[in-house]
Amino acid sequence: MTKAIVGVIGGSGVYELPGLEDIREERVATPWGEPSDALRFGRVGATEAVFLPRHGRGHVLSPSGINYRANIDALKRAGVTDIVSVSACGSFKEELYPGLFVLIDQFVDRTFSRQSSFFGNGCVAHVSMAHPIAPALQARIALAAEAEDIPCLTGGTYVCMEGPQFSSLAESRTYKAAGYDVIGMTAMPEAKLAREAEISYATIAMVTDYDCWHPDHDDVDVASVIKIVQANAGNAARLLARLLRDFPAEHELCPVGSDCALDNALLTAQAARDPDLMKKLEAIMQRVGNS
Ligand SMILES: CSC[C@H]1O[C@H](OP(=O)(O)O)[C@H](O)[C@@H]1O
Ligand SMILES: Nc1ncnc2[nH]cnc12
């Protein structure tokens with residue numbers, strides 16, 4: 001049995017995890033550099049949890065400046081089996097209104113200036129991202145929302161832009177016409193790296209605005225995003241508390257292969273692997289080893 005340990009990554013306006021008890025903070029060193037902040041270890045009920053604010057305390061890191069590899073590697077070293085990622089997002093659909101939670105099931109990656117893999121020259125790997133979200137984890141979040149009577153929709157496509165500027169009207173209309181549901185700046189490469197690290201991953205997108213396409217709503221700005229995040233902080237806290245309290249002690253095997261993503265993904269012959277890179281991959285490849 002693998003004990004479930006839930007990692008919660010807080011986004012804009014979410015810099016702590018209410019309800020976390022017996023807190024211990026630790027700066028976790030990684031071969032990829034510094035995570036966004038010290039990890040906060042604790043528990044909610046009987047469930048072990050680890051909290052990491054994505055932008056750091058005081059929101060010092062921009063979406064392109066976040067060390068996503070260090071964050072995911074640090075959570076892996078902490079034994080995290082499941083990551084719940086919380087993100088503020090703009091909406092491309094009338095019915096996805098500010099305050100609604102959307103449980104994402106697909107991503108479109110439009111970032112271009114980020115380190116998006118642990119692998120590379122000296123150890124090449126191609127994991128599947130066909131189904132980036134762990135369905136059992138997503139279902140537990142949906143159940144927790146239902147139990148707490150929090151408006152929450154399951155299913156949606158999140159397009160990740162580089163930022164930090166918000167979209168132009170032409171971009172916003174293009175994404176809307178493409179059928180995407182929400183937009184943010186941080187889920188990529190976070191979700192890709194979680195998959196490489198064989199950690200189940202799910203995103204709770206909190207809709208904060210209608211980006212800039214909607215004729216009856218103001219164009220998005222930071223103040224309006226934070227206002228909605230703060231107005232819905234209570235819902236986010238209750239949702240996470242319920243999810244964690246009710247979480248099973250044993251990690252549930254993932255039907256889309258989150259736990260075994262590296263099986264059949266590695267291409268580089270063992271003898272040809274770069275020893276320096278292999279050392280860096282120690283935590284990420286802990287299950288498969290150098291075989
Ligand atoms: C505060 S507006 C833009 C900012 O908010 C979102 O952050 P996160 O995904 O960490 O909640 C968006 O991705 C941008 O980073
Ligand atoms: N409209 C938007 N575009 C990109 N990131 C966002 N985060 C919150 N709202 C956003």
Side-chain angles (χ1 to χ4, degrees), residues 7-17 35-37 51-68 70-72 75 83-94 96-104 107-114 132-133 156-176 178 180-194 201-214 217-233 235-237 239-240:
V8 177
I9 301 182
S12 292
V14 182
Y15 308 111
E16 51 192 81
L17 182 59
S36 297
D37 210 321
F51 180 73
L52 177 63
R54 179 185 288 124
H55 300 275
R57 258 170 283 189
H59 204 117
V60 288
L61 299 170
S62 96
S64 313
I66 292 167
N67 190 336
Y68 295 94
N71 287 353
I72 298 297
L75 293 174
I83 291 177
V84 178
S85 162
V86 181
S87 270
C89 289
S91 157
F92 294 119
K93 304 237 164 103
E94 184 81 49
L96 305 183
Y97 56 88
L100 179 70
F101 291 109
V102 181
L103 305 185
I104 298 304
F107 297 104
V108 173
D109 188 357
R110 287 189 40 90
T111 66
F112 48 81
S113 183
R114 303 177 188 191
I133 296 296
T157 298
Y158 172 128
V159 56
C160 189
M161 64 183 295
E162 185 64 46
Q165 303 84 0
F166 291 114
S167 303
S168 69
L169 178 57
E171 287 167 335
S172 195
R173 285 179 174 158
T174 303
Y175 301 143
K176 179 171 170 49
Y180 306 152
D181 295 290
V182 298
I183 185 162
M185 304 180 190
T186 60
M188 287 285 147
E190 198 174 87
K192 289 178 171 172
L193 295 164
Y201 184 90
T203 296
I204 304 174
M206 184 196 283
V207 174
T208 51
D209 56 89
Y210 284 105
D211 202 39
C212 62
W213 62 270
H214 200 303
H217 288 269
D218 289 340
D219 299 342
V220 59
D221 63 14
V222 164
S224 59
V225 169
I226 295 303
K227 195 171 151 199
I228 294 292
V229 172
Q230 284 174 351
N232 291 281
N235 278 357
L239 172 55
L240 290 167

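Just follow the structure's listing: the first ligand is 1, and inside any ligand the first atom is 1. This chain uses plain numbering: 1 for the first residue, then up along the sequence.
- Both the backbone and the side chain of Ser87 come within 4.0 Å of ligand 1, counting heavy atoms alone.
- Applying the 4.0 Å criterion to heavy atoms of Phe166 picks out, from ligand 2, the atoms 2 (C), 3 (N), 4 (C), 6 (C), 10 (C).
- At under 3.5 Å, a nitrogen or oxygen of Ala88, whether backbone or side chain, sits near a nitrogen or oxygen of ligand 2.
- Between Val159, Asp221, Asp211, it is Asp211 that holds the heavy atom closest to atom 2 (C) of ligand 2.
- Contacts of Arg54 with ligand 1, taken as heavy-atom pairs under 4.0 Å, involve the side chain alone.
- Under a 4.0 Å criterion applied to the non-hydrogen atoms of Gly184, ligand 1 contributes the atoms 13 (O).
- Of the possible donor and acceptor atoms, none in the side chain of His55 sits under 3.5 Å from a partner among the backbone N and O of Val60.
- In this structure, the side chain of Asp181 engages the main chain of Thr157 through a donor-acceptor pair within 3.5 Å.
- Nearest protein heavy-atom contact of atom 10 (C) of ligand 2 is Gly90 N, 3.4 Å.
- Side chains of Asp209 and Ser224: no donor on one and acceptor on the other come within 3.5 Å.
- In summary, the atoms of ligand 1 found under 4.0 Å from a heavy atom of His55, numbered by their order in the structure, are 7 (O), 8 (P), 10 (O), 15 (O).
- Checked options Thr186, Asp109, Val108, Ile133; the residue passing with Tyr158 is Thr186 (criterion: side chain to side chain contact (heavy atoms under 4.5 Å, CB included)).
- Under 4.0 angstrom from ligand 1, the non-hydrogen atoms of Thr186 come from both its backbone and its side chain.
- Interface of Pro63 with ligand 1, defined as ligand atoms under 4.0 Å from a residue heavy atom, comprises 15 (O).
- Arg114 places a side-chain heavy atom less than 4.5 Å from the side chain of Pro63.
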